[in-house]
Amino acid sequence: MNAAPGLSGLIATVTSVLIVATVIGRVLAVRSASKTGNSTIQNLNARIDAWWIMVTFGGLALAFGKFGVIVLFAVLSFAALREFITLTRVRPEDHWALLTAFFVAVPLQYYLIAIEWYGLYSILIPVYAFAVMPMISVLRAEPKAFLERTAEAQWGLMIAVYCLSYVAALATLPIAGYEGRGVLLIGYLLLISQASDVLQYVWGKLLGRTPIAPTLSPAKTVEGCVLGIASAVALGTVFSWLTPFEPWQAAVLTLVTTTLGFMGGLVMSAIKRDRGVKDWGSVIPGHGGLLDRLDSLVFGAPVFFHMTRYWWAG
Amino acid sequence: MGSESAPMRHLIRLLAAFTAGAVVVLARLVTAVRAEWRECEPSLRPRVYFANHASHGDFALLWTVLPACLRTRTRPVAAADYWLQGPLRRFLIRQVFGAVLIDRRRDVSRVDPIDLMARALDDGASLMFFPEGTRNRTCAPLLPFKSGLYRLVRARPAVECVPVWIDNLNRVLPKGEWLPVPLLCTATFGAPITVQPAESQAAFLERARRALLDLRARTHLDARGAET
């Protein structure tokens with residue numbers, strides 16, 4: 001495999017941060033163990049441990065290049081769609097429409113990205129799946145809650161497959177002077193969006209006072225949000241060497257992407273609150289489901305892709 | 001079976017172990033099934049796990065979420081008339097799941113099914129039991145219980161009965177479908193119950209049924225969807 005130049009620097013940086021975080025987490029755990037078992041610190045350590053696994057998978061996928069990333073995100077989309085559809089009101093009459101979503105739409109979307117057919121992968125789900133899924137459902141002639149069922153299934157596809165697939169699609173953008181380094185753009189997007197989440201969490205825990213949306217996401221605060229996004233922008237600027245962007249351009253792109261990430265998190269929280277669940281699933285210890293980790297990418301990724309495509313790959 | 005040669009028996013055992021592994025992997029891939037041990041810890045003591053029964057996959061799912069050390073000593077109670085049809089079902093139910101097979105036709109059966117189950121408990125096995133007696137193909141969350149569970153605990157009054165609510169499997173594979181749609185499933189283990197000395201059949205079965213419905217009320221993503 002020919003890893004993109006610069007990838008080792010990114011992985012080394014992230015690994016160093018994780019080592020520091022692990023040490024801090026363990027020290028906090030030892031110091032709090034003398035008093036009562038502190039659930040925040042337990043959860044913090046569970047999250048850090050899970051980060052090791054996520055970084056390992058992400059790093060391996062990036063090292064395998066475009067196809068590594070496509071396979072990883074196809075699997076993530078499949079599992080995220082599973083989490084989303086679990087919370088919807090779909091009925092047994094939608095069975096074959098859902099089978100189509102899982103076993104046709106997901107592989108086809110990523111196949112189209114692999115062959116770089118932008119004209120089709122950018123409309124496959126919003127146009128074709130949008131029409132085909134209700135047509136399959138309607139064959140069972142069950143009108144009850146038809147619009148809700150159809151709309152929820154379509155939303156699941158849009159969020160878990162269409163939006164997320166734009167992360168993988170970044171590796172296919174032809175950018176002059178940036179050949180063979182497309183996966184670094186993915187590394188960069190994952191870095192800024194996940195760092196923004198982590199920094200919002202950390203600033204919120206340290207200085208958070210004012211809830212920003214208590215009815216949607218009680219843990220989010222104004223202080224955490226503003227300082228988290230500001231630190232993510234600083235980080236995105238420092239790491240602009242990974243990208244084809246000038247530092248100021250990287251700052252703007254990071255600001256837009258992480259703000260959309262924050263809003264994506266709120267939107268996904270609203271859905272969870274309505275359904276009466278705290279997390280989308282439980283596959284990632286300490287974090288919840290995959291969608292709990294990916295929610296900050298769902299709106300950010302397509303916009304980041306289109307900004308890059310419009311201004312750099314045009 | 002039983003007439004095979006020694007190498008053949010080894011081969012069958014190997015195949016059964018491989019199939020068991022495949023069942024666990026497949027169940028996890030499709031449903032990411034998760035055990036929630038509420039008010040109940042895994043234990044090596046012989047127990048009766050009683051669960052709702054909506055799909056043939058219930059065995060496999062419950063079996064998958066048990067810790068590996070319990071899996072080998074937990075035997076489903078299954079209907080002989082269904083599971084002994086055809087070599088594949090026979091292999092699955094006997095070699096892979098090691099089921100206690102019950103003949104539901106009471107008049108023609110020579111052995112008392114309760115006695116078979118009680119002896120399995122005496123041998124140190126735990127049982128997976130579906131007290132509805134058959135798969136629930138209705139819209140109701142739970143069918144009325146058959147008397148089997150009560151007769152079993154009367155035969156072995158000390159045994160703990162652990163309610164297990166299996167959630168969502170009926171959506172993964174609705175009746176009449178053969179291809180599963182991947183959705184998250186959970187198996188929630190509630191507080192064990194034991195029969196009281198003077199408890200009547202109706203009272204005990206009602207208590208057991210209530211225990212399962214209580215678990216459902218707490219785990220099911222509310223009663224909207226398929227039932228509204």
[atom1] of [X]: more than 12 outside heavy atoms within 6.0 angstrom?
| X | atom1 | answer |
| --- | --- | --- |
| A:F57 | CZ | no |
| A:F146 | CZ | yes |
| A:W52 | CH2 | yes |
| B:R45 | CZ | no |
| A:Y201 | OH | yes |

Considering only heavy atoms and a distance below 4.5 Å, find which of A:E148, A:R149, A:E83, A:H95 pairs most often with chain B.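 Answer, by heavy-atom pair count under 4.5 Å with chain B: A:H95.
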If you count heavy-atom pairs under 4.5 Å with chain A, which of B:L184, B:V172, B:L179 comes out on top?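 So the answer, after comparing B:L184, B:V172, B:L179, is B:L184.
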Flag the one option from B:P182, B:C185, B:P180, B:P174 with the top tally of heavy-atom pairs under 4.5 Å to chain A.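 Heavy-atom pairs under 4.5 Å are most numerous for B:P182.
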Rounded distance [0.5 Å steps], [atom1] in [X] versus [atom2] in [Y]:
| X | Y | atom1 | atom2 | value |
| --- | --- | --- | --- | --- |
| B:R171 | A:T88 | CZ | OG1 | 5.5 Å |
| B:L29 | A:F78 | CG | CZ | 8.0 Å |
| B:L183 | A:T86 | CG | OG1 | 4.5 Å |

Could you point out which residue of A:L98, A:D94, A:T100, A:I85 forms a side-chain contact (heavy atoms from CB on, under 4.5 Å) with B:V181?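 One option only clears the test, and that one is A:L98.
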Identify which part of A:F103 has an atom lying under 4.5 Å from any heavy atom of chain B, answering side chain, backbone, both or neither.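 Just its side chain gets close to chain B.
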Side-chain ion pair, B:E177 and A:R140, N-O less than 4.0 Å: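 Judged by the 4.0 Å cut-off on N to carboxylate O distance, B:E177 and A:R140 do form a salt bridge.
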Given a strict heavy-atom distance threshold of 4.5 Å, which part of B:T31 is in contact with chain A: side chain, backbone, both, or neither?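 Just its backbone gets close to chain A.
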Candidate pair A:R82 and B:V30, rule side chain to side chain contact (heavy atoms under 4.5 Å, CB included), full reasoning: CA-CA 9 Å; A:R82 187 170 68 174; B:V30 176; 5.7 Å; no
